[in-house]
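In what follows, a single structure is set out as structure tokens and then discussed.
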Amino acid sequence: MLVNPKAHLARARREGWALGGFNVFNLESARAVIEAGDQQAAPLLVQTSEGAVKHAGLENMVAIVRQLAGRTRAPVALHLDHGKSVELSRAAVDAGYTSVMIDASRESFDENVRDTSDIVRYAHAHGVHVEAELGTLGGIEDLGEQAVRSMLTDPDQAVRFAATTGVDALAVAVGTSHGAYKFKGTPHLDFARLQEIASRIEQPIVLHGASSLSQEEVLFAERFGARLEHARGIPAELIQKAVTMG
Ligand code: CO
């Protein structure tokens, strides 16, 4: 069934587990993710990037996911990933998404608060869940110490942001990075920072750039011609540790 993920995320936060967020872009990928969720009886977020929205269209993605989700017992949220503008996030609410992200993390703190508050008001009036992001994603090992401090999420700011905007879930930067080529060095997450943020805000915390990529999967893909030299994700142990922390 298609759901607003708020209650499931709150329960996961309380009980120390997490919902997976999986990007889809067409019928086939949506089917694969939703069928896997059904087999695991796991609540999950089926999400679309701006690229997927350009490719398939908001209304078509809503139609596909609503139809597939309606045939499963697994609670499925249709989520807009990294909505870079207030307009796109509003359009996703209007089209029937049950969750939207407004990502104004590249703007100033005040502009991020303003855009997020705007979408929170609009989405909540339509029964839709909202995620926002504070901080800039990047591998800790790839940055200097100065850059790390300015990019990773500041716990004091997170507290102010969560309270001011009333956002439902908050994506933080603690050392993960998007893509399969995340790091030059060894993946390393700032767990002390995550711990502090988690202890000071009630909202479920979202970890972006948290895909794993096992050697087994790399070898499997390479058998069919893929070239994935130097590709590496976040080791499963680090993700599991982050999950237990909120
Ligand atoms: Co992301």
T176 side-chain N/O to H208 backbone N/O, donor-acceptor pair under 3.5 Å: yes
Centroid-centroid under 6.0 Å between H129 and H79 rings: no
Nearest-0.5 Å distance, OG1 of residue T153 to CG of residue D190: 9.5 Å
E216 atom CD, over 12 foreign heavy atoms within 6.0 Å: no
Shortest non-hydrogen contact from R200 toward P155: NH1-CB, 3.9 Å
Which atom of L19 lies closest to which atom of A12, heavy atoms considered: CD1-CB, 3.8 Å
Crowding at CD, E35 (>12 non-hydrogen neighbours, <6.0 Å): yes
Full working for side-chain contact (heavy atoms from CB on, under 4.5 Å) between V24 and T48: CA-CA 6 Å; V24 304; T48 59; 4.2 Å; yes
Side chains of S199 and E196, donor plus acceptor under 3.5 Å: no
N-O pairing of D118 and R90 below 4.0 Å: yes
same_hphob_cluster(I205, V159) at 4.5 Å side-chain heavy-atom cutoff: yes
Criterion side chain to side chain donor-acceptor pair (under 3.5 Å) against H82, the qualifying member of E50, H178, Q47: H178
Close side-chain approach of V53 and M61, heavy atoms under 4.5 Å: no
Closest non-hydrogen atom pair, D168 against V130: OD2-N, 2.8 Å
Residue Q40 excluded, over 12 heavy atoms near CD under 6.0 Å: no
Carboxylate-amine/guanidinium proximity below 4.0 Å for D154 and R193: no
Side-chain ion pair, K241 and E237, N-O less than 4.0 Å: no
Single-linkage hydrophobic cluster L9~V206, side-chain heavy atoms < 4.5 angstrom: no
Taking every non-hydrogen atom, the tightest pair across E229 and E222: N-OE2, 4.1 Å
N/O donor-acceptor pair under 3.5 Å between T72 side chain and A69 backbone: yes
Distance in Å, I119 CD1 paired with I102 CD1, rounded so as to fall on 0.5 Å steps: 5.0 Å
Hydrophobic cluster membership, V174 vs F161, 4.5 Å side-chain cutoff: yes
Straight-line distance of L189 CG to L194 CG, nearest 0.5 Å: 8.0 Å
Check against side-chain contact (heavy atoms from CB on, under 4.5 Å), V128 and T98: CA-CA 5 Å; V128 172; T98 58; 5.7 Å; no
Where at least one partner belongs to residues 2-61, residue pairs that pass ring pair (Phe, Tyr, Trp, His ring centres under 6.0 Å), sequence neighbours excluded: none
Note, V3 side chain near V76 side chain (heavy atom, < 4.5 Å): no
Test item: L134 and V172 side chains (from C-beta on) under 4.5 Å apart, heavy atoms: no
Value rounded to 0.5 Å, distance of CZ in R160 from OG1 in T165: 12.0 Å
same_hphob_cluster(L45, V120) at 4.5 Å side-chain heavy-atom cutoff: no
Set of residues satisfying ring pair (Phe, Tyr, Trp, His ring centres under 6.0 Å) with respect to F220, sequence neighbours excluded: F224
Check: D81 main-chain N/O paired with S49 side-chain donor or acceptor under 3.5 Å: no
Closest non-hydrogen atom pair between V62 and G96, with its separation: CG2-C, 4.1 Å
L80 side chain near M101 side chain, heavy-atom distance below 4.5 Å: no
CZ (R13) with more than 12 external heavy atoms under 6.0 Å: yes
Distance-only donor-acceptor check, side chains S108 and D110, under 3.5 Å: no
Nearest-0.5 Å distance, CD1 of residue I239 to OG1 of residue T244: 12.5 Å
Face-on cation placement of R114 at F109 ring, 6.0 Å and 45° thresholds: no
Test item: V33 and S29 side chains (from C-beta on) under 4.5 Å apart, heavy atoms: no
Short side-chain donor-acceptor distance under 3.5 Å, Y97 and N4: no
Euclidean distance, Q215 CD relative to L228 CG, rounded to 0.5 Å: 9.5 Å
Verify same cluster id: V243, I201 (apolar side-chain graph, 4.5 Å): yes
Considering all heavy atoms, the nearest E131-V167 contact: C-CG2, 4.0 Å
No-hydrogen, no-angle side-chain donor-acceptor test under 3.5 Å, N112 and E107: no
